[in-house]
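In what follows, residues are counted from 1 in the order of the sequence shown. Since this is a predicted model, take the numbers as computed values, not measurements.
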Amino acid sequence: MEMEGKKKGYAWAVSAGLNAALAAVSAKLITPQILRYGMVVLFNVTMWGCYVNSLKALSSLQATVTNFAANFLSSGLAGYFLFQEPLSFKWFAGAVLIVVGSLVLSKSSIEKKTRTD
């Protein structure tokens, strides 16, 4: 049951990161200004809702790092696919380091929690 809750927490955190990236994409893609602002607000409100839900199942560190990683990766990939922005080797190296760091932080946080129980 505990693992099921963690999976949902990570799903909420990833969803928060994706919604943050969608807010940025909609700010660039949508032409009518009122619709653009509406979509940015909608995605940001959704992002905060997802983030708060992730905090119910994860530590603040796990939720924040997962949210950041999902936002970074999805924003970069959206820039590449939608706006033909180049992604350098440094970007990919940074993305790998962020993902590895997220996994290390998540694992160390879990190990500390089980040791204190």
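- For the pair T66 and S54, the minimum side-chain heavy-atom distance is 4.5 Å or more.
- Taking a 4.5 Å side-chain heavy-atom cut-off between Ile, Leu, Val, Met, Phe, Trp and Tyr, the cluster of L18 extends to V14.
- S74 approaches G17 most closely through the heavy-atom pair OG-O, 3.9 Å.
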Check your understanding: Yes or no on side chain to side chain contact (heavy atoms under 4.5 Å, CB included) for L73 and V99, after CA distance, side-chain angles and deciding distance?
Key -> CA-CA 9 Å; L73 295 172; V99 170; 3.8 Å; yes
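- Of all heavy-atom pairs spanning A20 and N71, the tightest one is CB-ND2, 3.6 Å.
- In this structure, L35 CG and I30 CD1 are separated by 4.5 Å, a value rounded to the nearest 0.5 Å.
- Rounded to the nearest 0.5 Å, atoms CD (Q62) and NZ (K6) are 4.5 Å apart.
- Minimum heavy-atom separation, S75 to A21: OG-CB, 3.4 Å.
- Pairs passing the ring pair (Phe, Tyr, Trp, His ring centres under 6.0 Å) check and including a residue from residues 55-79, sequence neighbours excluded, read F72-W91.
- Between W48 and N19, every side-chain heavy-atom pair lies at or beyond the 4.5 Å cut-off.
- Applying the ring pair (Phe, Tyr, Trp, His ring centres under 6.0 Å) test to residues at least two apart or on different chains, none of the pairs has a partner in residues 22-46.
- Both F92 and F81 belong to a common hydrophobic cluster when Ile, Leu, Val, Met, Phe, Trp and Tyr are linked at side-chain heavy-atom distances under 4.5 angstrom.
- Between L77 atom CG and L82 atom CG the span is 10.0 Å, to the nearest 0.5 Å.
- For the atom pair M39 CE and T46 OG1, the distance stands at 9.0 Å (nearest 0.5 Å).
- Interatomic distance, CE of M47 versus CG of N67, reported as 6.5 Å (0.5 Å rounding).
- Y80 and F89 are members of different hydrophobic clusters when ILVMFWY side chains are connected at heavy-atom separations under 4.5 Å.
- In terms of modelled atom types and a separation under 3.5 Å, the side chain of S15 and the main chain of W12 share no donor-acceptor contact.
- Residue T64 holds its OG1 atom at 6.5 Å from CG of L55, rounded to the nearest 0.5 Å.
- Listed here is the closest heavy atom pair of A23 and V40: O-CG2, 3.5 Å.
- Following chains of ILVMFWY side-chain contacts shorter than 4.5 Å, one cannot reach V25 starting from L42, and the two form parts of different hydrophobic clusters.
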